[in-house]
Q: 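Sharing a structure, written as structure tokens. Questions coming.
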Amino acid sequence: MQDSFGRKIDYMRISVTDRCNFRCRYCMPRGIQTSPMSDILTYEEIIEIVTIAAQCGISKLKITGGDPLVRQGITWLVQELRKIPGIRHITMTTNGALLTLYAKNLKDAGLEAINISLDSLDRKVFSEITGFDKLDNVLAGIDAALSAGLQVKINSVLQENCNVDEWQALLNIAKDRPIDVRFIEMMPIGEAKNFRSVNNEELLAKIRGKYPAITPDTSIHGNGPAVYFKIPGFLGCVGFISAMNKKFCGSCNRIRLTANGMLKPCLCFAKNFDLRKILRETNKIDRPEKLALTIRTAIEAKPQAHSFENEELVSEYRKMFEIGG
Ligand code: SAM
Ligand code: SF4
């Protein structure tokens, strides 16, 4: 369906857990509390929401978290979501550390593509950012995803005074393999307020300096707001997700379901719609209509744009691992 600014909203990001096997310092630092399992939506509840959301026009899903691979039975969920009439594409974002175990089964369950977050190829820096010495597991996970036939994208968040100089090494992943490497500007949510993001405009200028023949690539690469460029001789593209320096709200197509069942119209603002309450407090007969009404109201409530450039207006108080990114 369309929101009140005429944007077609057909994409839902679903956080299936707020738990994670990493502790990325800008997302989920050590010592943080996760929710009791009773607060987290069951798979049956997620399926019920998606069934109604599909009737409201949602056709594309991204499974996220926390890390979706730490939740047991995730492959089953993908398989069941795939059966819902109207759901045409399911993708996932993960830190990749467990992908060697799950890639093939996820592909067989109907997952089409996977985004793997990787901020550093330097073992020490990787451990500093994520809290774990698991770089090799993630690299093996990338190989496993490719071997399973999943489309793979790498998501890298570059920070000043940390991994900013790694853009070349990360970009090289796209050289010999059909993997898009995307650089994501860090948004000032939760812990990330304490770190300084790289400016993607400046990064593109650096990449252009090294590869003057780089050209925009207008083919469709997925559901999201990334802007892509092709570098001659590279199999994959380089993408930029520049929420801070190049707002893309005019083409926003998404809503977000948090692990505890809150539907969020926009990442920047705390406003959310409590679907868990409807699921748990409404009888089975009235639920579909109530869910549909609330999903439609949430879509209509999407603001025209985020306000990340003006931190005083950012009302979201939850951290990224709770929302799903
Ligand atoms: N654990 C999975 C992963 O790391 O891909 C899924 C959840 S994670 C919250 C999704 C993505 O959000 C990751 O690529 C992560 O780097 C990114 N992220 C986390 N905090 C962010 C922030 N403040 N601004 C921009 N991206 C952020
Ligand atoms: Fe976990 Fe992903 Fe957050 Fe890192 S970015 S702590 S992997 S949820």
Side-chain angles (χ1 to χ4, degrees), residues 13-35 61-71 74 91-99 102 106 113-120 126-132 134-135 137-138 141-142 145 152-160 162-163 166 170 180-200 222-226 239-246 248 254 256-259 264 266-268 306 308-309 311 314 316-325:
R13 292 180 70 97
I14 302 173
S15 174
V16 294
T17 180
D18 62 355
R19 286 150 170 78
C20 188
N21 47 350
F22 282 7
R23 288 290 179 275
C24 299
R25 58 191 190 183
Y26 55 84
C27 174
M28 186 185 192
R30 287 194 185 278
I32 215 114
Q33 283 291 321
T34 53
S35 315
L61 306 176
K62 171 86 74 199
I63 310 299
T64 177
D67 203 81
L69 298 184
V70 304
R71 184 153 178 192
I74 190 68
T91 59
M92 178 178 282
T93 177
T94 170
N95 60 38
L98 295 173
L99 257 183
Y102 289 105
L106 286 169
I114 197 138
N115 294 349
I116 301 172
S117 301
L118 176 61
D119 294 351
S120 176
F126 181 96
S127 302
E128 274 167 22
I129 294 174
T130 65
F132 289 89
K134 296 273 183 195
L135 176 60
N137 302 60
V138 177
I142 295 171
V152 179
K153 293 189 182 113
I154 301 295
N155 284 343
S156 299
V157 175
L158 296 183
Q159 304 160 48
E160 297 289 356
C162 174
N163 55 350
E166 285 205 55
L170 290 160
D180 293 341
V181 173
R182 294 130 41 105
F183 295 107
I184 301 179
E185 285 181 349
M186 195 185 280
M187 292 170 281
I189 290 189
E191 292 304 309
K193 287 182 189 145
N194 303 321
F195 298 93
R196 239 184 92 215
S197 172
V198 163
N199 176 326
N200 271 350
N223 304 318
F240 298 91
I241 301 179
S242 313
M244 303 304 292
N245 291 294
K246 236 183 187 159
F248 38 73
R254 63 194 56 193
R256 291 179 160 81
L257 181 64
T258 67
K264 274 185 67 59
C266 177
L267 195 52
C268 181
H306 72 64
F308 284 128
E309 68 284 2
E311 271 191 47
V314 178
E316 183 52 77
Y317 55 88
R318 285 167 293 197
K319 301 191 190 310
M320 212 57 151
F321 72 92
E322 296 172 284
I323 307 168

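Whatever order the structure lists ligands and atoms in, that order sets their numbers, starting from 1. For this chain, numbers begin at 1 and follow the sequence in order.
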Q: Under 4.0 Å, counting heavy atoms only: does Y26 come that close to any atom of ligand 1?
A: yes
Q: Under the 3.5 angstrom rule, does the side chain of N200 hit a backbone N or O of F183 as a donor-acceptor pair?
A: yes
Q: Suppose I only count heavy atoms of A192 and a 4.0 Å limit; which atoms of ligand 1 are within that range?
A: 23 (N)
Q: Counting heavy atoms only, which of G96, C24, A243, S117 is nearest atom 3 (C) of ligand 1?
A: S117
Q: Tell me the protein heavy atom at minimum distance from atom 26 (N) of ligand 1, and give that distance in Å.
A: I184 CG2, 3.9 Å
Q: What's the separation between atom CZ in R23 and atom CD in E191, rounded to the nearest 0.5 Å?
A: 12.0 Å
Q: With a 4.5 Å cut-off on side-chain heavy atoms, are T64 and M92 touching?
A: no
Q: Taking only heavy atoms of D67, which atoms of ligand 1 are found under 4.0 Å from at least one of them?
A: 1 (N), 2 (C)
Q: Got a second to check how far I116's CD1 is from T94's OG1, nearest 0.5 Å?
A: 7.0 Å
Q: Look up atom CE in M320 and atom CE in M186, then write down how far apart they are to the nearest 0.5 Å.
A: 9.5 Å
Q: At a 4.0 Å threshold, what atoms of ligand 1 neighbour a non-hydrogen atom of M186?
A: 22 (C), 23 (N), 24 (N), 25 (C)
Q: Under 4.0 Å from a heavy atom of M28: give me the atoms of ligand 2 that qualify, with their elements.
A: 6 (S)
Q: Are any of the side-chain heavy atoms of L99 and I142 separated by less than 4.5 Å?
A: no
Q: Can you confirm, on distance only, whether ligand 1 has an N/O atom lying under 3.5 Å from any N/O atom belonging to R13?
A: no
Q: Is atom 1 (Fe) of ligand 2 less than 2.8 Å from an N/O/S atom of C24, whether that atom is in the backbone or a side chain?
A: no
Q: Mind checking the SG-NE2 spacing from C266 to H306? Nearest 0.5 Å is all I need.
A: 7.5 Å
Q: Can you list the ligand 2 atoms lying under 4.0 Å from a non-hydrogen atom of C27?
A: 3 (Fe), 5 (S), 6 (S), 8 (S)
Q: Considering only heavy atoms of M187, which atoms of ligand 1 have at least one such atom less than 4.0 Å away?
A: 22 (C), 23 (N), 24 (N), 25 (C)
Q: When you check the side-chain N and O atoms of S35 and D18, is any donor under 3.5 Å from an acceptor?
A: yes
Q: Which part of V157 is near ligand 1, with near meaning a heavy atom under 4.0 Å away: side chain, backbone, both or neither?
A: side chain
Q: Give the residue, atom name and distance (to 0.1 Å) of the protein heavy atom nearest atom 12 (O) of ligand 1.
A: G325 CA, 4.3 Å
Q: For atom 6 (C) of ligand 1, which of G324, S15, C27, G66 has the closest heavy atom?
A: G66
Q: Measure from NZ or CZ of R30 to the centre of the six-membered ring of F132 and say whether it is under 6.0 Å with the direction within 45° of the ring axis.
A: yes
Q: Give a yes/no verdict on whether any heavy atom in E191 is under 4.0 Å from an atom of ligand 1.
A: no
Q: What protein heavy atom is closest to atom 1 (Fe) of ligand 2, reported as residue, atom name and distance in Å?
A: C20 SG, 2.3 Å
Q: Ignoring hydrogens and geometry beyond distance, is a side-chain donor-acceptor pair present between E185 and S197 at under 3.5 Å?
A: no
Q: Mind checking the CE-CZ spacing from M28 to R19? Nearest 0.5 Å is all I need.
A: 8.5 Å
Q: Out of all atoms in ligand 1, which are within 4.0 Å of some heavy atom of E185? Include the element for each.
A: 25 (C)
Q: If you measure from each non-hydrogen atom of D119 to ligand 1, which part falls under 4.0 Å: side chain, backbone, both or neither?
A: neither
Q: Quick check against the 3.5 Å criterion: does N163 have a side-chain atom that pairs as donor or acceptor with the backbone of V157?
A: yes
Q: Which residue supplies the protein heavy atom nearest to atom 27 (C) of ligand 1, what is that atom called, and how far is it?
A: M320 CE, 3.8 Å
Q: Under 4.0 Å from atom 8 (S) of ligand 1, is there any protein heavy atom?
A: no
Q: Please check if the side chain of S117 supplies one atom and the backbone of N95 the other of a donor-acceptor pair under 3.5 Å.
A: no
Q: Hey, which atoms in ligand 1 end up nearer than 4.0 Å to a heavy atom of T64?
A: 6 (C), 7 (C)
Q: Considering only the protein, which heavy-atom contact is closest to atom 8 (S) of ligand 2, and what is its distance?
A: G66 O, 3.5 Å
